[in-house]
Structure formats: C-alpha cells, structure tokens
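Read through the structure below, which is laid out as structure tokens, and then see the notes.
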Amino acid sequence: MQDSLAETEAKGDKMKEGLLVCGDRNLGVGLTIWDIETGDRFLHIPTCASPRFGVTCLNNQYLVASQIHRPGCVAGGVIFTWSLNKTQAPLRSYTGEVIGPLCSTKDGIYLAGGAPSGNMYLWEVTTGKLLKTWHGHNISLTCLVFSDDGSLLISGSEDGMVVVWSMISLLDTMDSESCSSVLSFLTAHTSSVTGLLTSSCGLNSVFVSSSLDCTCKAWDIFSGTLLQTRTYTIPITVSVLDPEERQLISGTADGRIFVNTFEVGLLEDPCHNSDDQQIVLKGHRESVTAMTFCGMGLVSASEDCTACLWDVVNWVIIRTFEHQKGAISNLLVMPQSSLVPLKSHQRPSNSLRFSLLEKYSQTSPASNGMATLLPSREHEVVEEYCSTNLLSQQISDLQGDNTAEALQMKVDTNMGNRAWITTMTKHTMKMNKQLQVRLLDIAEYRLKELEETESPTEEPKKKKIKENGFLLDAVGGTQCQG
C-alpha cells in the first residue's frame, strides 16, 4: 500500500510542469521558471538574455541559450548551457560569431544555430564537435527547426526564404562543397519568417511557416509543394499547432491570437483561404512573441511583459504570469522533476553528456570550416556550360522512372540559376547606388557654381586659376609658382 502511494506521488511530481521565460534586452534579468499549476516562482537563473527562438532544452537534461549581442562588442558570440539537475555555473561555449535561433533534435544529439550573417552551424552535443559550418542564407536567420525524426533541418530568414536541408548530406564530410544538402528552396513569403512548425497530416509530412507578410503557409516537406496559404489582415509574429494537430494558433503584431482549424491535403488549392469560423483571443496589449502548449492548455507571451495560460476548451485565461523585468522573448515548458537537483547517490536516467561547443570546425582549417552550400553561379558557369546537354539528357532519362535522383538534379539546377540571379541583382543594385551618389555630387557641385555666378557682389572677388603649374591672380594678373 505504501509502495503504491509512493509511486502515485512520484507520478504526480513527474506530471508537474514548469514554465520557463526569458527576455532579450538585459543580461541581468536571467531566466525565470514558474510552477504552472500554482503560479508560484519555482526557480531563477541569473545572467541570461536570449533572442527569439534562442533557447532550447536537450532531452530535459540541459538548457541551452544563445546570448544577445552587446552593442559595441566586436567579439564573437556565446552560448550558455545549464545542467538542469545540478546547481552550478553555466558552461560557456564561445562561437565565431553571434548566434541567434537554436534548435536541437528530439534525442538531444545534434544542435543547430543560425547567425545574422546567414551562416549556419551544426554541432554534435556529446563531443562538442562543430560538424558543419555553411552559408545557408543571404540575410539574418530568424528560426530553425528539425523534423520529428531528425532527418531534416528547416531554416527561415528575414527575407522570407525557407530552405529544407538534408541531415544525411550535411553530415557527409565528403560532400562539403556541393549543394546536394538542399532539399527544397522556397521563396513564397515576401517578408520575415516568424515561425516553422513540423507536422504529420495523415500519410503526408508537412510543415507550416508563418511570416510578417500576414500569411501562414503549409508545405509538403519533401517536394516543397505549397499546399495551402492562409491569409490574415495583420502580420503574424508566431504560430503553434495544438498537440493533436487539429488547430493552428497564430499570434499577431497587435496582441490578438487567431485559432483556426488545421486541415491540409494534397488536393487543396494552394491559394485557397479557408473561411471557417476562427476564434479570436484577446489577452495581450502588445505583439505576441512566443507560444507553446502545456498539460493545462496554451501558453502565450507578449512584449507587454505577461504570459497567459489559456483554457483550450472555453478559450479563457486561467492564469496570468507577470514578468516585471521586461518583455518575454522565449517560452519553454518542462517537467519540474528535471529541475530538482539530484542527490549524491542518484544518477539521471538516459543520461546525456554535453561538451563545450567548438568555435571552429577542424575538418577544413584552410577555409576556417566554412562551406558554401548555397550554390554560386560564378564558380559553376564553365562547368555548367560544358555539361548542360549531358545534364539535360540525364534528367530526361531519369524522369521516366520519377526517381529521387531526377528531383535532386532539378533542385541543383534551379538552385544554381536562382543563386546567380540573386548575385547579379545585388551587384546591379550596388552599382546603381554608387552611380546615384556620383550624380548627386555632380549636381550639387554644378548648383554651387551656378549660385556663385548669379549672386551679386559689390567688389570683384579674386579668383585664382591654375594654368600650366602656375596660380594666376584673376584681378592683379600676378603669377606665382604653384
């Protein structure tokens, strides 16, 4: 009887959850963890300020957070790691540049990070080895997510681009100079990507992207086909799927939250906008920054320094958490049992080892570990010119069987064309800007000359004209060597 009572109490402790929040403006604020059930503050971790999507949990054993870039600091970035079952200072891993969004595989083996430069990083957690560094985007990354099975990595950036990467190719050390890691290259969004969600709808694997262009889009994760677009009247700042993947919840820039039925099929019109009765939640006064689900319902956070716990049946607020130290940029829900320090004789189950993350890759020291996986037309133009007919013939032959190789070859060819167009567009824009500056300078100079010529003067001004190495006084006629 006593054993069964103890087991019941242990199960109850495991079911209790903690809500972790942090901001992105002040390192001194740190991380705050509340008991979701009671609303009491459970734990506080000092010294942390992480950008959006910059906090992730590894197998409920380690908490990893990228840190904001201090103004005026020219050094690289830093990633803090805390062991949840040990009361000790965080491990500090220094990176070559500032890291923004982070994500990890479900088993906690791999950790990926994105930088404002568009570079992407992939580490092996147990050894800390930097497995791959590559230029994945042409602008700052905003969010990253792994597929449920860890075979794919999806990234989004400020220019609206979404790229699906093959982990098998990324981990292939012999394939660092090719673009075969790119599975899909999606450019349908016209503004910054604010969320990436993976889902399995029936037999089809899909993912959802949200953006400041007021849309949420559902994609086939393997083919990159756009399955559905849902349009709103206001920019979407964050999105989340309910645990049963029946509803899509979208937070907006004005603090409202929209709840829509999530139905995606391959036969749907990509431009179709569902006109179902959507639920509108009003609990925040400013932009919604983060959302997640817990055992008691939906949790949302906002720039108004609050987090709200919602009843998902009646869609009313159960509890409000006041974060008086500033706006909230990240939310995480984790079992409270993982936050309790272990006794000296206890060992965590399914223990995961974490090592300091390498700053540079050791695989290619000549290039500082940097591989360019977004193809560059400049380096491929000769090879492509010589092999265009052969490549077209191979694609034609493979298409007869509809093989994956044919699809990959199409992706490689299209990626090369798009990258070349992007590069040429940037060069043209730079040249136009320089020409505009020169034209403005010339126009300003001529305007000054015109004003000096037309302005009345009481006495003739002396002008010195340089001729053949001499300065000639325009009034007196005297000469002096210049």
Side-chain angles (χ1 to χ4, degrees), residues 18-24 26-33 42-70 73 75-115 119-133 141 143-146 150 153 290 292 329-342 347-362:
L19 175 65
L20 179 146
V21 304
C22 80
D24 61 354
N26 189 346
L27 284 169
V29 172
L31 299 158
T32 301
I33 303 177
F42 182 78
L43 185 65
H44 178 257
I45 302 175
T47 315
C48 180
S50 185
R52 291 193 63 199
F53 303 110
V55 181
T56 186
C57 189
L58 302 177
N59 202 27
N60 287 329
Q61 295 182 45
Y62 295 95
L63 189 65
V64 185
S66 59
Q67 300 302 300
I68 59 172
H69 182 63
R70 296 181 180 180
C73 180
V78 60
I79 296 176
F80 288 174
T81 305
W82 295 267
S83 177
L84 295 177
N85 290 125
K86 296 180 181 179
T87 56
Q88 61 183 21
L91 294 174
R92 297 171 182 252
S93 300
Y94 294 95
T95 54
E97 59 182 320
V98 176
I99 300 297
L102 288 173
C103 71
S104 61
T105 53
K106 284 191 173 182
D107 55 12
I109 299 299
Y110 298 107
L111 178 70
N119 294 333
M120 299 175 65
Y121 297 80
L122 181 64
W123 290 276
E124 184 179 46
V125 170
T126 55
T127 63
K129 184 178 181 180
L130 180 55
L131 301 175
K132 183 81 72 175
T133 305
L141 276 92
C143 44
L144 291 168
V145 67
F146 280 102
L153 174 63
T292 188
S329 60
N330 288 277
L331 281 179
L332 277 183
V333 172
M334 59 187 66
Q336 288 190 23
S337 58
S338 64
L339 301 171
V340 178
L342 298 176
R347 291 185 179 180
S349 58
N350 301 322
S351 179
L352 177 69
R353 181 179 173 229
F354 186 93
S355 300
L356 284 175
L357 305 177
E358 287 183 350
K359 188 173 185 178
Y360 299 112
S361 173
Q362 304 299 321

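The analysis underlying the following values was restricted to heavy atoms, covering all of them including side chains, and did not include hydrogens, waters or symmetry mates.
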If I take atom [atom1] from residue [X] and atom [atom2] from residue [Y], how far apart are they, to the nearest 0.5 angstrom?
X	Y	atom1	atom2	result
Leu141	Leu102	CG	CG	11.0 Å
Leu131	Leu111	CG	CG	10.5 Å
Ser338	Gln61	OG	CD	9.0 Å
Leu122	Tyr110	CG	OH	7.5 Å
Ile33	Leu43	CD1	CG	4.5 Å
Tyr360	Tyr94	OH	OH	13.5 Å

**Request:** List the steps, then state whether side-chain contact (heavy atoms from CB on, under 4.5 Å) holds for Val125 with Val64.
**Result:** CA-CA 11 Å; Val125 170; Val64 185; over 6 Å; no

**Fill in**
For Tyr62, the ring pair (Phe, Tyr, Trp, His ring centres under 6.0 Å) test, sequence neighbours excluded, returns Phe354

Residue list, side chain to side chain donor-acceptor pair (under 3.5 Å) with [X], at least two apart or on another chain:
X	value
Thr105	Asp107
Thr127	Glu124
Ser104	Thr56

Distance-minimising heavy-atom pair for [X] and [Y]:
X	Y	result
Ala65	Val55	CB-CG2, 3.9 Å
Gly128	Trp123	O-CD1, 3.7 Å
Gly96	Lys359	N-CG, 3.6 Å
Val78	Thr95	N-OG1, 3.9 Å

Listed partners of [X] passing side-chain contact (heavy atoms from CB on, under 4.5 Å), at least two apart:
X	answer
Thr47	Phe80
Ser329	Cys22, Asp24, Arg52
Ala290	Ala301, Leu331
Asn26	Val29

**Asked** Is it true that a side-chain atom of Gln67 and a backbone atom of Ala49 form a donor plus acceptor pair closer than 3.5 Å?
**Response** yes

**Message:** Can a donor-acceptor pair be found, under 3.5 Å and without considering hydrogens, that links the side chain of Ser50 to the backbone of Ser66?
**Reply:** yes

**Item:** Criterion side-chain contact (heavy atoms from CB on, under 4.5 Å) on Trp82 and Ile45, from CA distance to verdict
**Value:** CA-CA 9 Å; Trp82 295 267; Ile45 302 175; 3.2 Å; yes

**Asked** Would Leu31 and Leu63 count as a side-chain contact (heavy atoms from CB on, under 4.5 Å) if you check the C-alpha gap in whole Å, the side-chain angles of each, and the deciding distance to 0.1 Å?
**Response** CA-CA 11 Å; Leu31 299 158; Leu63 189 65; 3.6 Å; yes

**Asked** Could you go step by step and tell me if Cys57 and Leu84 meet the side-chain contact (heavy atoms from CB on, under 4.5 Å) rule?
**Response** CA-CA 10 Å; Cys57 189; Leu84 295 177; 4.0 Å; yes

